[in-house]
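To find a chain, count down the sequence lines: A is the first, B the second, and so on, and within it residues start at 1.
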Amino acid sequence: MSSPFTERIRNIVAAIPRSRVATYGQVAVLAGNPRAARQVSWVLHSSSKRYGLPWHRVIGGRGSISLEPGRGYEEQKSLLLSEGVVFGDRDRIDLERFGWKPGGSDIENALTP
DNA sequence: AACCTGACTTCGG
DNA sequence: TCCGAAGCCAGGT
């Protein structure tokens with residue numbers, strides 16, 4: 001079993017809509033602990049496969065992929081690209097456009113891309 | 001129970 | 001804008 005934190009984190013990540021992204025910090029905040037960003041990464045790392053979580057929709061705070069090449073970077077990028085997420089120069093994603101607005105209407109989530 | 005780990009974040013230079 | 005150092009959290013060992 002997992003602590004409520006971990007479970008919330010899983011639920012939140014699972015709720016990220018297709019072609020949208022959230023930052024680790026954001027997920028941590030939504031989970032109720034603004035400083036547990038690292039924990040978020042840990043949860044994904046340990047149980048994303050098992051729970052079928054859209055782990056690739058979670059990125060670093062600057063809109064860039066935190067994984068290193070050869071360690072999941074390519075895979076994550078390709079998954080995001082396949083969902084229509086656009087990478088700007090320096091490999092960064094515009095969070096204004098693709099950032100997930102939790103609780104936001106589907107409409108809002110639907111347009112930006 | 002103490003120590004280690006990690007896909008983070010923030011701050012200063 | 002980029003890099004290094006420090007801070008923080010909870011699950012694993």
A.B. asks: Ignoring hydrogens, what is the shortest heavy-atom contact between A/Ile12 and A/Ala31? Give both atom names and the distance.
C.D. replies: CD1-N, 3.4 Å
A.B. asks: Would you mind reading off the distance between A/Leu79 atom CG and B/dA7 atom P, rounded to a whole angstrom?
C.D. replies: 17 Å
A.B. asks: Can you tell me which nucleotide in C/dT1, C/dA10, C/dC8 comes closest to the side chain of A/Arg90?
C.D. replies: C/dT1
A.B. asks: With a cut-off of less than 4.0 Å, is there a side-chain N or O of A/Asn33 near OP1 or OP2 of C/dC8?
C.D. replies: no
A.B. asks: Rounded to whole angstrom units, what separation is found between the CD atom of A/Gln39 and the C1' atom of B/dC8?
C.D. replies: 11 Å
A.B. asks: Could you tell me the separation between the CG atom of A/Leu80 and the CZ atom of A/Phe98, rounded to the nearest 0.5 Å?
C.D. replies: 10.0 Å
A.B. asks: Would you kindly give the CG-to-P distance between A/Leu44 and C/dG12, to the nearest whole Å?
C.D. replies: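 Spelled out: CG on A/Leu44 to P on C/dG12 is 14 Å.
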A.B. asks: Please report the interatomic distance CG(A/Leu67) to CH2(A/Trp55), rounded to the nearest 0.5 Å.
C.D. replies: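 Spacing of CG (A/Leu67) from CH2 (A/Trp55) equals 6.0 Å.
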A.B. asks: Can you tell which of C/dT1, B/dA7, C/dC9 lies closest to the side chain of A/Arg92?
C.D. replies: C/dT1
A.B. asks: Atom CH2 of A/Trp42 to atom P of B/dT9: distance rounded to whole Å?
C.D. replies: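 So the CH2-P distance, A/Trp42 to B/dT9, works out to 18 Å.
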A.B. asks: Counting any heavy atom closer than 4.0 Å, what does A/Gly61 reach on the DNA or RNA strands: base, sugar-phosphate only, or nothing?
C.D. replies: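 Counting heavy atoms under 4.0 Å across all strands, the contact made by A/Gly61 is with sugar-phosphate only.
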A.B. asks: For A/His45 and B/dC4, give me the distance from atom NE2 to atom P, rounded to whole Å.
C.D. replies: 19 Å
A.B. asks: Using a 4.0 Å heavy-atom cut-off, does A/Tyr73 contact any base of the nucleic acid, only the sugar-phosphate backbone, or nothing at all?
C.D. replies: nothing
A.B. asks: Which nucleotide, B/dC8, C/dA10, B/dA7, lies nearest any side-chain atom of A/Ala37?
C.D. replies: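 Output: B/dC8.
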A.B. asks: Under 4.0 Å between a side-chain N or O of A/Ser3 and OP1 or OP2 of C/dA10?
C.D. replies: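 For A/Ser3, the contact criterion (side-chain N or O under 4.0 Å from OP1 or OP2 of C/dA10) is not met.
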A.B. asks: How far does CG of A/Asn33 sit from CD of A/Gln39, to the nearest 0.5 angstrom?
C.D. replies: 9.0 Å
A.B. asks: Should the pair A/Arg57-A/Glu83 be classified as a salt bridge under the 4.0 Å nitrogen-to-oxygen rule?
C.D. replies: yes
A.B. asks: Please state how far atom CZ in A/Arg62 lies from atom C1' in B/dC11, giving the value in whole angstrom units.
C.D. replies: 11 Å
A.B. asks: So, the side chain of A/Arg92 versus the backbone of A/Ile65: is there a donor-acceptor pair under 3.5 Å, distance only?
C.D. replies: no
A.B. asks: List, with names and distances, any nitrogen or oxygen atoms from the protein found under 3.5 Å away from nitrogen or oxygen atoms belonging to nucleotides 5-7 of chain C.
C.D. replies:
residue	atom	partner	partner atom	Å
C/dG7	O6	A/Arg38	NH1	3.2

A.B. asks: Once you round it to whole Å, what is the distance between P of C/dC9 and OH of A/Tyr24?
C.D. replies: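 Whole-Å distance recorded here is 19 Å.
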A.B. asks: With clusters defined by side-chain heavy atoms of hydrophobic residues (ILVMFWY) lying less than 4.5 Å apart, directly or transitively, does A/Tyr73 cluster with A/Val85?
C.D. replies: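 Linked, A/Val85 and A/Tyr73 end up in one cluster.
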A.B. asks: What's the CH2-P distance between A/Trp55 and B/dG6, to the nearest Å?
C.D. replies: 17 Å
A.B. asks: Identify whether any heavy atom of A/Ser46 sits under 4.0 Å from a base atom; if not, whether one sits that close to sugar-phosphate; answer base, sugar-phosphate or nothing.
C.D. replies: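 Nothing, no nucleic acid heavy atom in range.
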